[in-house]
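Written below as C-alpha coordinates is the structure these notes are about.
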Amino acid sequence: MNVDEPVSYQYAMLDPKSDKWLDAMNMEMQSMRENQVWDLVELPPNSKPVGRKWVFRKNTDMDVNLHTFKARLVSKGFTQTHVVDYDETVSPVAMIKSIRILIAISAYY
(Lines give C-alpha, C1' and ligand atoms only; values in the text may rest on other atoms or scores of the structure.)
Protein backbone atom coordinates (compact mmCIF):
# COMPACT_ATOMS: atom_id res chain seq x y z
CA MET A 1 0.00 0.00 0.00
CA ASN A 2 1.22 3.43 -0.90
CA VAL A 3 1.21 6.02 1.89
CA ASP A 4 -0.28 8.54 -0.53
CA GLU A 5 -3.40 6.40 -0.96
CA PRO A 6 -6.44 7.38 1.09
CA VAL A 7 -7.73 4.78 3.54
CA SER A 8 -11.34 5.93 3.43
CA TYR A 9 -13.81 8.01 1.46
CA GLN A 10 -13.35 10.94 3.85
CA TYR A 11 -9.58 10.99 3.31
CA ALA A 12 -10.06 10.72 -0.46
CA MET A 13 -12.28 13.80 -0.42
CA LEU A 14 -9.68 15.72 1.61
CA ASP A 15 -6.92 14.76 -0.84
CA PRO A 16 -5.79 17.57 -3.19
CA LYS A 17 -6.58 15.21 -6.09
CA SER A 18 -10.10 14.46 -4.87
CA ASP A 19 -11.47 15.08 -8.37
CA LYS A 20 -9.38 12.13 -9.65
CA TRP A 21 -10.74 9.90 -6.86
CA LEU A 22 -14.33 10.99 -7.66
CA ASP A 23 -13.77 10.14 -11.32
CA ALA A 24 -12.43 6.70 -10.32
CA MET A 25 -15.47 6.10 -8.06
CA ASN A 26 -17.86 7.16 -10.83
CA MET A 27 -16.14 4.79 -13.27
CA GLU A 28 -16.50 1.94 -10.75
CA MET A 29 -20.21 2.65 -10.24
CA GLN A 30 -20.75 2.91 -14.02
CA SER A 31 -18.98 -0.42 -14.51
CA MET A 32 -21.20 -2.04 -11.86
CA ARG A 33 -24.32 -0.69 -13.58
CA GLU A 34 -23.21 -1.88 -17.02
CA ASN A 35 -22.28 -5.36 -15.78
CA GLN A 36 -25.39 -5.67 -13.60
CA VAL A 37 -23.44 -6.98 -10.62
CA TRP A 38 -26.32 -6.69 -8.16
CA ASP A 39 -30.07 -7.10 -7.85
CA LEU A 40 -31.97 -4.48 -5.90
CA VAL A 41 -34.24 -6.24 -3.39
CA GLU A 42 -36.29 -5.31 -0.35
CA LEU A 43 -34.46 -5.63 2.94
CA PRO A 44 -36.16 -8.28 5.09
CA PRO A 45 -37.54 -7.09 8.42
CA ASN A 46 -35.19 -7.19 11.44
CA SER A 47 -32.07 -7.38 9.30
CA LYS A 48 -29.19 -5.03 8.50
CA PRO A 49 -27.65 -4.45 5.08
CA VAL A 50 -24.11 -5.69 4.44
CA GLY A 51 -21.54 -2.95 4.97
CA ARG A 52 -19.31 -1.65 2.22
CA LYS A 53 -16.08 0.28 1.91
CA TRP A 54 -14.21 2.15 -0.80
CA VAL A 55 -10.67 0.93 -1.46
CA PHE A 56 -8.37 3.36 -3.25
CA ARG A 57 -5.18 2.58 -5.18
CA LYS A 58 -2.78 4.49 -7.39
CA ASN A 59 -1.53 2.33 -10.25
CA THR A 60 1.97 3.06 -11.46
CA ASP A 61 4.03 1.84 -14.37
CA MET A 62 7.42 0.11 -14.12
CA ASP A 63 9.21 3.47 -13.76
CA VAL A 64 6.95 4.35 -10.79
CA ASN A 65 5.15 7.04 -12.80
CA LEU A 66 1.54 7.51 -11.77
CA HIS A 67 -0.66 5.80 -14.34
CA THR A 68 -4.25 5.71 -13.03
CA PHE A 69 -6.38 6.23 -9.95
CA LYS A 70 -8.47 3.17 -9.03
CA ALA A 71 -11.42 2.98 -6.66
CA ARG A 72 -13.20 -0.25 -5.78
CA LEU A 73 -16.40 -0.63 -3.79
CA VAL A 74 -16.11 -3.78 -1.72
CA SER A 75 -18.66 -5.39 0.56
CA LYS A 76 -17.95 -6.51 4.08
CA GLY A 77 -19.25 -10.01 3.40
CA PHE A 78 -17.64 -11.38 6.56
CA THR A 79 -20.58 -9.94 8.49
CA GLN A 80 -23.05 -12.27 6.77
CA THR A 81 -24.49 -15.43 8.33
CA HIS A 82 -25.30 -18.50 6.23
CA VAL A 83 -29.05 -19.08 5.73
CA VAL A 84 -29.85 -15.82 7.56
CA ASP A 85 -28.25 -13.46 5.02
CA TYR A 86 -27.64 -15.77 2.07
CA ASP A 87 -28.45 -19.26 0.90
CA GLU A 88 -26.14 -19.75 -2.07
CA THR A 89 -22.61 -18.90 -3.09
CA VAL A 90 -21.05 -18.14 -6.44
CA SER A 91 -18.21 -20.30 -7.74
CA PRO A 92 -15.18 -18.66 -9.29
CA VAL A 93 -14.89 -19.02 -13.04
CA ALA A 94 -11.85 -20.82 -14.47
CA MET A 95 -10.03 -19.48 -17.50
CA ILE A 96 -10.16 -21.70 -20.58
CA LYS A 97 -6.33 -21.82 -20.61
CA SER A 98 -6.35 -23.36 -17.14
CA ILE A 99 -8.86 -26.01 -18.15
CA ARG A 100 -6.83 -26.88 -21.28
CA ILE A 101 -3.66 -27.24 -19.19
CA LEU A 102 -5.41 -29.58 -16.74
CA ILE A 103 -6.80 -31.69 -19.60
CA ALA A 104 -3.36 -31.85 -21.26
CA ILE A 105 -1.68 -32.93 -18.02
CA SER A 106 -4.31 -35.57 -17.34
CA ALA A 107 -4.05 -36.88 -20.92
CA TYR A 108 -0.29 -37.06 -20.60
CA TYR A 109 -0.45 -39.15 -17.42
Side-chain angles (χ1 to χ4, degrees):
M1 181 174 144
N2 189 341
V3 263
D4 296 352
E5 296 170 346
V7 294
S8 69
Y9 173 81
Q10 289 81 10
Y11 284 111
M13 293 303 100
L14 294 174
D15 191 296
K17 297 187 186 224
S18 62
D19 57 332
K20 301 278 187 186
W21 294 120
L22 278 173
D23 289 343
M25 291 188 305
N26 286 331
M27 286 176 50
E28 172 74 355
M29 293 303 292
Q30 182 62 32
S31 173
M32 287 183 168
R33 271 188 225 97
E34 289 172 359
N35 294 314
Q36 300 175 350
V37 297
W38 69 71
D39 294 322
L40 190 59
V41 297
E42 290 290 324
L43 189 63
N46 302 324
S47 61
K48 296 189 305 185
V50 175
R52 77 265 175 249
K53 176 182 169 134
W54 282 103
V55 177
F56 300 98
R57 293 283 181 261
K58 290 180 180 177
N59 288 352
T60 56
D61 60 14
M62 292 180 67
D63 298 325
V64 194
N65 296 321
L66 184 60
H67 189 261
T68 55
F69 288 76
K70 291 284 187 177
R72 294 289 177 255
L73 185 62
V74 296
S75 67
K76 297 180 180 178
F78 57 85
T79 61
Q80 293 180 307
T81 306
H82 183 61
V83 181
V84 174
D85 296 318
Y86 67 95
D87 56 0
E88 61 185 51
T89 58
V90 178
S91 299
V93 177
M95 294 185 344
I96 192 68
K97 288 181 183 179
S98 303
I99 294 171
R100 286 183 180 154
I101 290 170
L102 288 173
I103 293 171
I105 291 171
S106 63
Y108 179 80
Y109 289 107

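Remember, predicted model here, so these are calculated numbers, not experimental data.
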| Could you go step by step and tell me if L22 and M13 meet the side chain to side chain contact (heavy atoms under 4.5 Å, CB included) rule? | CA-CA 8 Å; L22 278 173; M13 293 303 100; 3.8 Å; yes
Can you name the residues that form a side chain to side chain donor-acceptor pair (under 3.5 Å) with [X], not counting sequence neighbours?
X: N35; value: S31
X: Q36; value: none
X: R52; value: none
X: S8; value: Q10

| field | Hydrophobic cluster (4.5 angstrom, side-chain heavy atoms) - remaining members for I103 | value |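 Joined to I103, directly or through intermediates: I99.
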| query | If Ile, Leu, Val, Met, Phe, Trp and Tyr residues are connected whenever their side-chain heavy atoms lie under 4.5 Å apart, and connections chain through other members, are I101 and Y108 in the same group? | reply |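 I101 and Y108: one cluster.
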| request: Flag yes if V55 and M27 sit in one hydrophobic cluster, no otherwise; membership is Ile, Leu, Val, Met, Phe, Trp, Tyr, and two members link when side-chain heavy atoms are under 4.5 Å apart. | output: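 No: no chain of side-chain contacts under 4.5 Å links V55 to M27.
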| said: To the closest 0.5 Å, what do you measure between OG (S18) and OH (Y11)? | reply: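 Reported to 0.5 Å precision, the distance equals 15.5 Å.
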| query | Roughly how far, to the nearest 0.5 Å, is CE of M32 from CZ of R72? | reply |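 Reported value, rounded in 0.5 Å steps: 8.5 Å.
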| Listed once per pair and sorted, the ring-ring contact (aromatic ring centres under 6.0 Å, His included) pairs that draw on residues 16-43, sequence neighbours left out |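 ring-ring contact (aromatic ring centres under 6.0 Å, His included) check on residues 16-43 returns W21-F56, W21-F69.
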Which heavy atom in [X] sits nearest to a heavy atom in [Y], and how many Å separate them?
X: A12; Y: P6; answer: N-CB, 3.5 Å
X: K76; Y: V50; answer: O-CG1, 3.5 Å
X: E28; Y: L73; answer: OE2-N, 3.5 Å

| field | Under 3.5 Å: donor-acceptor pair, side chain of K53, backbone of V7 | value |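 Yes: the side chain of K53 pairs with the backbone of V7.
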| message | Counting C-beta onward and ignoring hydrogens, is there a side-chain heavy-atom pair between I96 and R100 closer than 4.5 Å? | response |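 In contact.
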| request: Answer yes when E5 and K58 have at least one side-chain N-carboxylate O distance shorter than 4.0 Å, and no when they do not. | output: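 Judged by the 4.0 Å cut-off on N to carboxylate O distance, E5 and K58 do not form a salt bridge.
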